[in-house]
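These notes are about the structure you will find just below.
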Amino acid sequence: MSILEELNWRGLVADCTDGAGLRKRLVSPTVVYCGFDPTADSLHAGNLVPLLALRRFQLLGHHPIAVAGGATGLIGDPSGKSQERQLITTEALEHNIARVRIQLARLLDFETRENPARLVDNSAWTQNVFYLDFLRDIGKHFSVNQMVAKESVRARMEDRESGISYTEFSYMLLQAFDFMVLARDYQCELQIGGSDQWGNITAGLDLCRRKLAKAVFGLTLPLLTNADGTKFGKTEAGAVWLDPKRTSPYRFYQFWINSDDRDVIRRLKYFTFLSSDEIGALEKQHAENPGARHAHRALAKALSDLIHGSAVTAEAIRASEILFGGRLEGIAESTFDEIVGEAPTKEIEKSKLDGAGLPLVELLVHAGLSASKGQARKDIQGGGVNVNNIREASETRSVTSNDLLFGKHVLLRKGKKNYVVVTAR
RNA sequence: GGUAGGUUACCCAAGUGGCCAACGGGGGCAGACUGUAAAUCUGCUGGCUUACGCCUUCGAUGGUUCGAAUCCAUCACCUACCA
């Protein structure tokens with residue numbers, strides 16, 4: 001199967017330039033690139049679509065290049081942003097790139113002999129460029145009229161409150177410059193990115209044609225949306241990160257398990273490497289018995305395996321089974337220990353639970369499950385609070401050392417999904 | 001620069017002297033039903049308090065009044081029309 005067929009059946013092609021020409025070109029191995037802006041020290045779920053697309057290219061024999069935006073990250077892409085960005089420091093940027101590099105290495109194969117992935121930092125070819133040279137060599141090929149017409153720029157220019165700085169306005173030129181350098185020095189012929197990157201990608205196409213007289217291609221991937229209209233990759237706790245320090249493997253697993261029914265098949269196509277047959281089978285199972293959620297489980301396991309490895313995934317699955325499995329009575333300490341550290345954990349001084357103990361409302365606030373003591377009382381009155389998986393109806397209840405499981409832990413739950421293990425020390 | 005209107009809780013928005021911690025909608029949280037869904041229904045949604053109640057909040061500051069989101073003054077910001 002060709003890469004285009006692969007991307008097409010997965011629904012991963014939003015748009016591409018010169019479809020016929022691209023199809024012809026992709027018959028033989030091609031160098032393809034995608035940029036990642038290191039705005040944080042970890043990638044998040046939203047970055048996965050283009051990143052996994054690179055991997056798909058690699059699996060089918062093409063040469064992927066991941067570009068860490070050391071230079072462009074200093075500027076900030078206005079695409080999809082309604083407000084001017086805060087500039088980040090050079091030191092923070094370098095730290096971010098180093099961290100992101102490690103994550104990239106897990107998903108792309110840098111070792112294979114045939115078509116190893118490469119990671120390059122665009123500051124390598126940008127930092128020594130003089131401003132006047134850049135204006136003369138690159139800037140001359142751009143028409144401000146066209147740049148202004150670009151959706152992301154126009155939206156910001158029309159918004160009198162935020163506006164757009166010259167800095168961000170120039171972003172497009174830098175990304176076009178990247179493509180040109182990669183086309184010239186790395187024989188790169190294709191750039192992929194989210195559909196919000198269309199303008200930036202085509203700008204690079206134009207520059208390559210004018211500077212190098214070289215025809216290159218662009219392909220955009222659909223921006224992911226949720227069936228309920230919310231933004232993909234966000235939870236109440238914020239973005240879903242790949243870094244286990246930011247998003248625990250348990251939460252990561254839960255994020256995918258909680259996919260909306262209407263989204264789950266699409267997500268399987270977008271995010272997993274399961275074959276068309278396998279996904280078809282899951283789709284059939286899902287249609288026949290959605291309650292069993294085979295598709296959700298397959299999705300969550302596949303992603304967790306990919307990002308965190310199968311050993312860690314097994315723990316996350318086990319923790320999920322325990323937490324959502326009902327009563328804790330008779331549970332073995334070793335089993336319970338599996339969820340400690342998986343679910344969010346808070347510590348408390350053991351002495352506070354001596355004697356009369358600590359009011360449950362205070363413990364709820366301490367654990368971060370309720371915003372205030374008043375709110376905690378309302379949560380209890382509403383029947384939403386469980387202690388050690390048993391519903392607690394009394395708002396005057398205190399938690400004492402008698403409530404400790406194995407002399408150490410108290411399992412608090414608010415609602416169906418919000419767990420915190422409080423550990424006494 | 002002139003004129004008119006506006007600024008209320010997470011967002012939108014009602015309230016034009018006491019009945020206002022402030023109608024309604026959205027969002028959020030929780031409950032029922034379920035499958036850790038969706039849809040639907042119910043409750044909650046400033047803080048402290050077991051509770052009575054107390055405290056803080058309607059752009060900012062000051063004033064009038066027994067009493068101010070509401071009236072007055074000044075300032076800041078926004079919107080529309082005119083220049």
Side-chain angles (χ1 to χ4, degrees), chain A residues 82-83 158-163 225-232 234-238 240 247-268 282-301 303-304 313 315-328 338-339 342-344 356-387 389-399 411-421:
Chain A
S82 56
Q83 297 226 318
E158 285 170 3
D159 184 347
R160 298 164 66 162
E161 284 185 47
S162 57
T225 53
N226 290 340
D228 61 9
T230 53
K231 198 173 155 96
F232 170 77
K234 298 273 189 206
T235 66
E236 321 81 72
V240 176
T247 301
S248 77
Y250 166 76
R251 283 191 181 248
F252 186 81
Y253 180 81
Q254 285 289 321
F255 168 75
W256 297 102
I257 273 281
N258 282 316
S259 295
D260 192 297
D261 280 14
R262 294 165 291 180
D263 290 324
V264 69
I265 299 301
R266 191 153 46 105
R267 288 186 176 186
L268 279 166
L282 285 168
E283 189 167 9
K284 189 157 166 273
Q285 280 183 313
H286 179 63
E288 285 168 358
N289 183 10
R293 296 185 305 152
H294 291 294
H296 296 75
R297 285 178 220 282
L299 174 69
K301 181 168 174 5
L303 266 296
S304 187
T313 299
E315 285 176 27
I317 292 175
R318 186 84 185 104
S320 298
E321 284 170 352
I322 296 166
L323 289 176
F324 293 101
R327 293 286 178 102
L328 292 175
E338 289 182 43
I339 65 175
E342 287 295 334
L358 190 68
L360 177 58
V361 287
E362 284 187 30
L363 194 60
L364 285 168
V365 173
H366 176 74
L369 284 173
S370 302
S372 68
K373 288 201 271 183
Q375 185 60 48
R377 273 187 206 95
K378 286 167 188 160
D379 290 336
I380 296 172
Q381 284 165 6
V385 173
N386 290 47
V387 177
N389 260 8
I390 296 169
R391 178 179 288 181
E392 181 52 60
S394 166
E395 57 195 275
T396 54
R397 161 120 144 67
S398 282
V399 175
L411 180 65
L412 296 179
R413 188 181 102 202
K414 191 187 84 167
K416 277 181 183 158
K417 303 177 192 175
N418 308 303
Y419 284 94
V420 171
V421 176

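Source: prediction; values computed, not measured. Hydrogens, waters and symmetry mates are skipped; everything else that's a heavy atom, side chains included, is used. Just so we're on the same page: letters track the sequence lines, and every chain starts at 1.
Contact annotation: Arg377(A) side-chain N/O to rU50(B) OP1/OP2 distance is under 4.0 Å. Listed pair Ser372(A) / rG47(B) meets the phosphate criterion, a side-chain N or O lying under 4.0 Å from OP1 or OP2. Checking the phosphate oxygens (OP1, OP2) of rU36(B), no side-chain nitrogen or oxygen of Asn418(A) falls inside 4.0 Å. Taking 4.0 angstrom as the limit, Lys373(A) places a side-chain polar atom (N or O) nearer than this to OP1 or OP2 of rU49(B).
Residue contacts shown for Gly291(A) include a base, since a base heavy atom lies under 4.0 Å away. At the heavy-atom level, Gln254(A) lies under 4.0 Å from base atoms of the strands shown. Residue contacts for Ser320(A): at a heavy-atom cut-off of 4.0 Å it reaches a base atom on one of the strands shown. Using a 4.0 Å heavy-atom distance criterion, Arg391(A) is classed as a sugar-phosphate-only contact.
Using C1' as the reference atom, rA80(B) and rC19(B) are 37 Å apart when rounded to the nearest Å. rG59(B) sits 15 Å from rG15(B) when the P atoms are compared, rounded to a whole Å.
With rounding to whole Å, Glu288(A) atom CD is found 17 Å from rG35(B) atom P. Put simply, CZ on Phe324(A) is 5 Å from C1' on rU36(B), counting in whole angstrom units. Whole-Å rounding puts the Lys417(A) NZ to rG31(B) P distance at 11 Å. If you measure from atom CG of Asp261(A) to atom P of rA39(B), you get 11 Å, rounded to the nearest angstrom. When rounded to the nearest whole Å, the span between NZ of Lys414(A) and C1' of rG31(B) equals 13 Å. With rounding to whole Å, His294(A) atom NE2 is found 15 Å from rA37(B) atom C1'. Across the protein-nucleic acid pair, Glu321(A) atom CD and rG35(B) atom P stand 18 Å apart, rounded to whole Å. The distance from atom CZ of Arg267(A) to atom P of rA37(B) is 15 Å, rounded to the nearest whole Å.
Among the nucleotides rU36(B), rU45(B), rG35(B), the one closest to any side-chain atom of Lys378(A) is rU45(B). In the set rA30(B), rG35(B), rA38(B), rA38(B) carries the atom at the smallest distance from any side-chain atom of Arg262(A).
Along RNA chain B, the nucleotide nearest Thr396(A) and the nucleotide nearest His296(A) are compared for position; the residue whose nucleotide lies closer to the 5' end is His296(A).
With a cut-off of 3.5 Å on both Watson-Crick or G-U wobble distances, the partner of rC71(B) is given as rG63(B). rG1(B) is paired with rC82(B) under the Watson-Crick or G-U wobble criterion, all donor-acceptor distances under 3.5 Å.
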